[in-house]
Enquirer: 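Structure provided below as structure tokens; questions to follow.
All ligand and atom numbering here is 1-based and tracks the order in the structure.
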Amino acid sequence: MRPLLSKTTYMYGMQCHKRFYLNRFHKNLANPEDEQSQAIFQTGTDVGLLAQNLFPGGVNAQGTEEWHSELTVKRTAELLNQVDIIYEAAFMFNGVICAVDILIRQGNTFYAFEVKATNGVKAQHTEDAALQYYVLSNNGLNLGDFSILHLNREYVRIGDLNLAELFKPTSVLSEVLEKQTFIPKNIADFKKLIYLKNIPDIEMGAHCNQPYACNFSNYCLSLIVAEEELPDEELNHEIIVDEPAWNTFKENFTYPLFFFDFETVMYGVPVFNFSRPYQNLPFQYSLHVLVNEQAQLLHHAYLGDGVQDPRPDLIMQMIRDLGTEGTILTWNMSFEKGVIAKLAIDFPEYEADLMNIYGRIVDLMNPFRPSQAVVFSEAFAGSYSIKKVLPVMVPELSYQNLQIQEGGTASFMYGQMMALGEESRAQLRKDLLAYCHLDTLAMVKIWQRVEESV
Ligand code: SF4
């Protein structure tokens, strides 16, 4: 029997019946594939291959097919009697085809491992492991355990990768067993969807990003009637500053005033010594300095080369640029503080200087939080993101004309830097510097705008 469902489409169904249906019958309505999602997919594949080295000598049942197919199922069935370790072992039951990344046989008992390029087990991993267990056990496999093999957030790379420490197995067998009774019902529900004449009528909501961002979001958004949203220009742009509260906020500030922002990059598998899976590694900063109230604005910046570990040079320059005195303003300080605290652990020789910087950081975002409303405008629309606050406070300054307009893109592009030719790399450096420069200039202008109004 041809499979009706795969593990992926089962998970689409668990997220949203409409996504399941659109994926099956209207793939053309999907968002265009972007480079970032492809890179995430590639990371998953690379981590999967790396994990196979923990169980050497296995045979891959998938062969050269792009997807698991009836051929993979047939090859798996043959391999089960021949080898003790199978990669991409595929099985089919009740119209569902799915594979486990690594299947180990010990005597009559099998142990399944599903590799995930994350720092722990997430709810959706248990959900798809439950489906795999259902299919495998109904093929007569005696499963002794089922584990998610994920990255170990505590692992610190020193020298060559230590795979036994990089990966951490977590058994999900008991959760998977609890879910078994629901699986046939879910499968039956999804099979019924296939016979629907029309696209299921489901409104967008929190589920569109849980557990993954849905790739039909553009289509569903296009269905929402535009008039439902109050046009931005109808919101009142008046800025109201609670002057006593603003004065309290800044009463302990000392010049020079620093306006500081990091950009960071994360690697699932640590690339550099003294780094962990998915650690936020700073590769760039922008710093604007107001030496005193009258002083001209100064600017400093650091940007790594995309190859070497950027942190040692960045730390040294940062310590020089930020000195030992003066208030450091950031937007959402928990991020900058978190990065600095990790730098102090990984580079203990700079701990004292880094912790001095850490102790001088203040959050310019706080007065804009609706709960504090020290600075308030209806046009913030309840948001205190700098991207929302800036156009209201300083309409003449905008991210619109920049090639890079948000941190996720900056991080992704930095990761691509060394693959680029010289000319494109030079352009990318300019774009990254321009983006981060605007982040801190925005803070300066917002600060000055509030100061002028009090
Ligand atoms: S965008 Fe949301 S509502 Fe639309 S298909 Fe995806 S998950 Fe379903």
Enquirer: Give a yes-or-no answer on whether the side chains of Y134 and N94 include a donor-acceptor pair shorter than 3.5 Å.
Expert: yes
Enquirer: Under a plain distance cut-off of 3.5 Å, with no hydrogens placed, do S286 and D261 share a side-chain donor-acceptor pair?
Expert: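 S286 and D261 do not have a side-chain donor-acceptor pair below 3.5 Å.
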Enquirer: Do K388's NZ or CZ and the ring of F380 fall within the cation-pi criteria of under 6.0 Å and 45°?
Expert: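 The answer is no, since K388 fails at least one limit relative to F380.
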Enquirer: For atom 2 (Fe) of ligand 1, check which protein N, O or S atoms are under 2.8 Å away and list them.
Expert: C208 SG
Enquirer: Is the distance between the ring centroids of H437 and H288 under 6.0 Å?
Expert: yes
Enquirer: Using a distance-only test with no angle check, is there a side-chain donor-acceptor pair under 3.5 angstrom linking D128 and Q124?
Expert: no
Enquirer: Ignoring hydrogens and angles, tell me if any N or O in the side chain of E114 forms a donor-acceptor pair with the backbone of D101 under 3.5 Å.
Expert: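 Indeed, once roles are kept as given, a pair shorter than 3.5 Å links the two residues.
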